[in-house]
Amino acid sequence: MKTVPAFWFEPQPWIDGCWHRGTEPCAVRNPATGEILATVARADAALTARAIDSAAVALAAWKECPAAERGEILKRTAGLLISRRDAFARLLTAEQGKPWAQAAGEVDYAASFFQWFGEEARRVQGRIVPHPQAGREFLVEHRPAGVAGLITPWNFPLAQGAKKVAAALAAGCTAVWKPAEVTPLVALALAPLLAEAGLPAGVLQILPGQGSVIGPVLASHPAVAVLSLTGSTATGSGLMAAAAAGIKRVSLELGGNAPFIILPDADLELAANDLVRLKTFVSGQVCVTANRVFVHQSVEGLVIEKVAARLEALRVGNGLADGIDAGPLIHRGACDGVGALVAEAVADGARVVVANHSYLSDSALDTNAFFPPTLLSGVHDSMRLAREEIFGPVIPLLSYRTVADAVERANATPYGLAAYVYGADLARCRAVASRLEVGIVGVNEWRPLKAEIPFGGVKHSGIGAEGGEEGIREFLETRVVSMPKAGIEG
Ligand code: NAD
């Protein structure tokens, strides 16, 4: 069994390069055991305003800091994160619940964004455009937008923050980052690393606290120019409305309802392996996880057999223990929500093929926070768990007869984040992928997200993108200077 590391940070707000006494103490628990990991002092509205003011003061020097220097700080942060992977991963597992190996993968994934945007910082280039009038020219410049308000969820508490922080800082913005209420520790743990990497005081503040308290201050403070949120569609819609009064830019990564389409010629071993991996990853609490599995009726029996065998073999338990495949959900309330979706589906005719309760054998666990990895057959489009994000380790199988029908049903949702297509005929996979109304499609691949590519949803799944060369643009504004061409006379 791995242990929770000794803290190298303080459980309180980080403002202007120092720890600040917060106002509302709040316990952070290990979801697997219920044990209290820390009592975190949260930021209230007054401290949030102060943090924004610090970011506004630091902006003047940071935006003039050479891009290569900003990039070096971010790349050093990536190196420091990798060198402390184990301590960060143990903290992440203790706070969030995901198994240590997944947490270690998240540390690497977070580091990849510091590395990527560290490199991208020096590629923010403008251009000179020919003027239609003689003797003049246009200069197109990309400038830092200003202070950025960054708000992240609890499922990837380190990586979601890294995507936003690295892009904002690379662009020359300063920032105030509010991590999720239940997972502030790993965010605060990043502060000393950034300082060690050379980040000047005031460039980033990290505020543990409530969305309903900190969010409205970020949305209304005149110094904040950009709001970037990863969270639920309801929270995104509310934040967008709050930002409208101040005409602030918003970048929103929101909820999903991803279809996973298994074509009749798919390699079923690969599809079953990847589907179970995808749905056990963070116990299905992932915006891009498969929410509806469309299986061609000719292979449905085989898919049920293969997926059931893999689900039954999973070891579910405390992510700090060795050999665990899936951990708890974030808290008991999350289990109740998933349980209600499954119960409704079963009452409506779905069948539970497998429900893996292996965690019940460990008496040290808070078993109320665990949900059994479950395979459901006979699911219909009208059931609530096919229409809403399940956010749990439940695999709902929906049968289809024609590929056109599967595509039409896959698109029949207000969400448009991710999709998966499994098949042997790559031309057909490509044709299916190009008809799906989503931001990213994995063809015979369960986790296509990487720092090198833009990731963002369409429809109710969001606005804007993270990663790729697009990610930094969320934090830049464009300015055009139209001017006479200089002569060479003295
Ligand atoms: P959530 O919307 O409840 O919370 C997300 C963040 O928003 C938290 O930090 C929360 O404190 C904050 N918040 C809450 N109310 C706020 C307000 N009024 N103003 C400003 N901020 C506020 O979501 P969650 O439960 O933490 O995360 C799960 C959701 O996030 C799911 O819907 C999931 O699909 C989505 N998600 C999306 C992506 C993506 O990239 N598209 C990635 C991960 C999670």
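The shown structure was predicted, so the numbers you read here are calculated from the model rather than taken from an experiment. Ligands are counted one by one from 1 in listed order, and the atoms in each one are counted from 1 as well. In what follows, every heavy atom counts, from backbone to side chain, and hydrogens, waters and symmetry copies are set aside. Residue numbers count from 1 along this sequence.
Of the candidates Ala187, Pro153, Gly231, Gly255, it is Gly231 that places a heavy atom closest to atom 35 (C) of ligand 1. Nearest to atom 5 (C) of ligand 1 by heavy atom, out of Thr230, Asn257, Asn291, Leu239, is Thr230. When the heavy atoms of Gly211, Ala180, Gly215 are ranked by distance to atom 18 (N) of ligand 1, first place goes to Gly211. Comparing heavy-atom distances from atom 10 (C) of ligand 1 across Gln285, Glu466, Glu181, Glu388 singles out Glu181 as nearest.
Residue Glu344 places its CD atom among more than 12 non-hydrogen atoms of other residues, nucleotides or ligands, all under 6.0 Å distant. A 6.0 Å sphere centred on CZ of Arg249 holds more than 12 heavy atoms belonging to other residues, nucleotides or ligands. With a 6.0 Å radius and a threshold of 12 heavy atoms from other residues, nucleotides or ligands, Arg50 has its CZ atom at or below the threshold.
Taking the six-membered ring where the residue is Trp, the centroids of Phe281 and Trp446 are separated by under 6.0 Å.
Of the heavy atoms in Leu254, only backbone atoms (N, CA, C, O) come closer than 4.0 Å to ligand 1. Contacts with ligand 1 closer than 4.0 Å are made by side-chain heavy atoms of Gln160 only, the backbone lying farther away. Of the heavy atoms in Leu218, none comes closer than 4.0 Å to ligand 1. When heavy-atom distances to ligand 1 are checked against a 4.0 Å cut-off, Phe455 comes that close only through its side chain, counted from C-beta outward. If you look at Leu417 next to ligand 1, the close heavy atoms, those under 4.0 Å, all belong to the side chain.
Of the polar atoms of Thr233, none of the N or O atoms is found under 3.5 Å from an N or O of ligand 1, judged by distance alone. Where the criterion is an N or O separation shorter than 3.5 Å, residue side chain and backbone included, Ser461 fails it with respect to ligand 1. Between Lys178 and ligand 1, at least one pair of N/O atoms sits closer than 3.5 Å.
Residue-ligand proximity, Ser232 to ligand 1, at heavy-atom distances under 4.0 Å covers atoms 1 (P), 2 (O), 23 (O), 29 (C), 30 (O), 32 (O). The atoms of ligand 1 that sit less than 4.0 Å from any heavy atom of Ile151 are 6 (C), 7 (O), 9 (O), 12 (C), 20 (C), 21 (N). Annotation for ligand 1: atoms under 4.0 Å from non-hydrogen atoms of Thr152 are 6 (C), 8 (C), 9 (O). Distances below 4.0 Å separate heavy atoms of Phe391 from the following atoms of ligand 1: 28 (C), 31 (C), 33 (C), 34 (O). With ligand atoms numbered from 1 in the order given, ligand 1 contributes 1 (P), 2 (O), 3 (O), 7 (O), 13 (N), 14 (C), 15 (N), 16 (C), 22 (C) to contacts under 4.0 Å with heavy atoms of Thr235. Against a heavy-atom cut-off of under 4.0 Å, Cys287 is close to the following atoms of ligand 1: 33 (C), 34 (O), 36 (N), 37 (C), 38 (C), 39 (C), 40 (O), 41 (N), 42 (C), 43 (C), 44 (C).
In this structure, Arg90 pairs ionically with Asp86, as a charged nitrogen and a carboxylate oxygen lie closer than 4.0 Å.
In this structure, a donor-acceptor pair under 3.5 Å is absent between the side chains of Gln160 and Thr152. Side-chain atoms of Asn257 and Arg292 include a donor-acceptor pair closer than 3.5 Å. Using modelled atom types, one finds no donor on one side chain facing an acceptor on the other under 3.5 Å when comparing Gln102 with Glu106.
The CZ atom of Phe294 sits 5.0 Å away from the CZ atom of Arg409 when rounded to the nearest 0.5 Å.
Residue, atom and distance of the protein heavy atom nearest to atom 24 (P) of ligand 1 are Trp154 NE1, 3.4 Å. Remark: minimum distance from atom 32 (O) of ligand 1 to any protein heavy atom is reached at Glu389 OE1, 2.7 Å. The protein non-hydrogen atom at the shortest distance from atom 44 (C) of ligand 1 is Asn155 ND2, 3.3 Å.
Two residues are said to be in side-chain contact when any heavy atoms from C-beta on lie closer than 4.5 Å; Phe455 and Leu417 meet this criterion. Trp154 is not listed as a side-chain neighbour of Pro157, based on a closest heavy-atom distance of 4.5 Å or more.
Relative to the six-membered ring of Phe156, Lys98 meets both conditions, a distance below 6.0 Å and an angle of at most 45° to the axis.
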Quiz item: Yes or no on side chain to side chain donor-acceptor pair (under 3.5 Å) for Thr230 and Lys164, after CA distance, side-chain angles and deciding distance?
Solution: CA-CA 9 Å; Thr230 299; Lys164 296 186 192 301; 2.8 Å; yes
